[in-house]
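These numbers come from the heavy atoms of this one structure, side chains and all, not from hydrogens, waters or symmetry mates. All residue numbers in this chain count up from 1 along the given sequence.
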Amino acid sequence: MLLKAKVAARLPAKDLDRARAFYSEKLGLEPIEQREGGLRYVCANGEFAIFVSAGTQSGTHTQMGWEVEDIEATVRELRVRGVKFEEYDLPGLKTVEGIAQITGNYPSKGTGERGAWFRDSEGNLLGIGQPIRS
């Protein structure tokens, strides 16, 4: 039943105006639609919405991510826009200049991945990744 359904992420926000400004100014994204308490964005083949929520964002795991062709260039451009990347030094995950080398990946994606993470204005943890193809 869900196999042919479109997938879309939902991200909570305490302050929708602040979130809209972050996604516009820092990520260069504009909503294609808005409604009372919500903004809808489309990127390539996917979409996401930001909605007003009284809940607290955990920010302890990646809530949404983008797959990019050139992670260095993407990180560089986002830093110019003021995005601050997370730095990790954990067993199996260490970032260098905000980018981690990750072993293993789905066979159709390659042999590994390079990843970077940042938080939006609402505390949501967002990621970008670049598959490593042999």
Grab the two heavy atoms, one from Ser121 and one from Ala19, that are nearest each other, plus how far apart they are.
-> OG-CA, 3.3 Å
Can you find a heavy atom in the side chain of Leu27 that is under 4.5 Å from one in the side chain of Trp66?
-> yes
Spell out, yes or no, whether Phe51 and Leu29 are grouped together once hydrophobic residues are joined by side-chain heavy atoms under 4.5 Å, including indirect joins.
-> no
What distance do Asp120 atom CG and Arg18 atom CZ have between them, rounded to the nearest 0.5 Å?
-> 9.0 Å
Would Leu126 and Thr62 satisfy side chain to side chain contact (heavy atoms under 4.5 Å, CB included), going step by step from the backbone distance to the final call?
-> CA-CA 5 Å; Leu126 308 175; Thr62 307; over 6 Å; no
Using the rule that two of Ile, Leu, Val, Met, Phe, Trp, Tyr join whenever any of their side-chain heavy atoms come within less than 4.5 Å, decide whether Leu39 and Leu11 are in one cluster.
-> yes
Is any side-chain heavy atom of Thr111 closer than 4.5 Å to a side-chain heavy atom of Asn105?
-> no
Heavy atoms, side chains only, cut-off 4.5 Å: are Pro12 and Glu122 in contact?
-> no
Check the angle between the aromatic planes of Phe118 and Phe85 and answer parallel, tilted or perpendicular using the 30° and 60° thresholds.
-> perpendicular
Look up atom CD in Glu47 and atom CD in Glu33, then write down how far apart they are to the nearest 0.5 Å.
-> 8.5 Å
Between Arg114 and Ile132, does a side chain to side chain contact (heavy atoms under 4.5 Å, CB included) hold up when you go through it step by step?
-> CA-CA 7 Å; Arg114 299 179 72 216; Ile132 298 171; 3.7 Å; yes
So, do Arg40 and Gln34 sit near enough that their side-chain heavy atoms are less than 4.5 Å apart?
-> no
Going hydrophobic residue to hydrophobic residue with side-chain gaps under 4.5 angstrom, can you get from Tyr88 over to Ile99?
-> no
Between atom NZ of Lys26 and atom CD of Glu77, what is the distance when rounded to the nearest 0.5 Å?
-> 13.0 Å
Salt bridge check: are Lys94 and Glu87 linked by an N-O gap of less than 4.0 Å?
-> no
Heavy-atom check, side chain of Pro31 versus side chain of Arg20, under 4.5 Å = yes
Applying the 4.5 Å side-chain criterion to the ILVMFWY set and letting contacts propagate, would Val52 and Ile50 be lumped into a single cluster?
-> yes
With side chain to side chain contact (heavy atoms under 4.5 Å, CB included) as the test, would you mind laying out the steps for Gln101 and Glu113 before giving the verdict?
-> CA-CA 6 Å; Gln101 191 83 11; Glu113 185 175 15; over 6 Å; no
Treating Ile, Leu, Val, Met, Phe, Trp and Tyr as nodes and any side-chain heavy-atom pair under 4.5 angstrom as an edge, say whether Tyr41 and Met64 lie in one connected cluster.
-> yes
For residues Glu67 and Gln130, determine if any side-chain heavy atom of one lies less than 4.5 Å from a side-chain heavy atom of the other.
-> no
Tightest non-hydrogen contact, residues Ala116 and Gly98, listed as CB-O, 3.2 Å
Heavy-atom closest contact (Trp117 atom, Ala100 atom, distance) = CZ3-CB, 3.9 Å
Starting at CZ of Phe22, measure out to CZ of Arg81 and round the result to the nearest 0.5 Å.
-> 10.5 Å
Under a 4.5 Å cut-off applied to non-hydrogen side-chain atoms, are Leu125 and Glu86 in contact?
-> yes
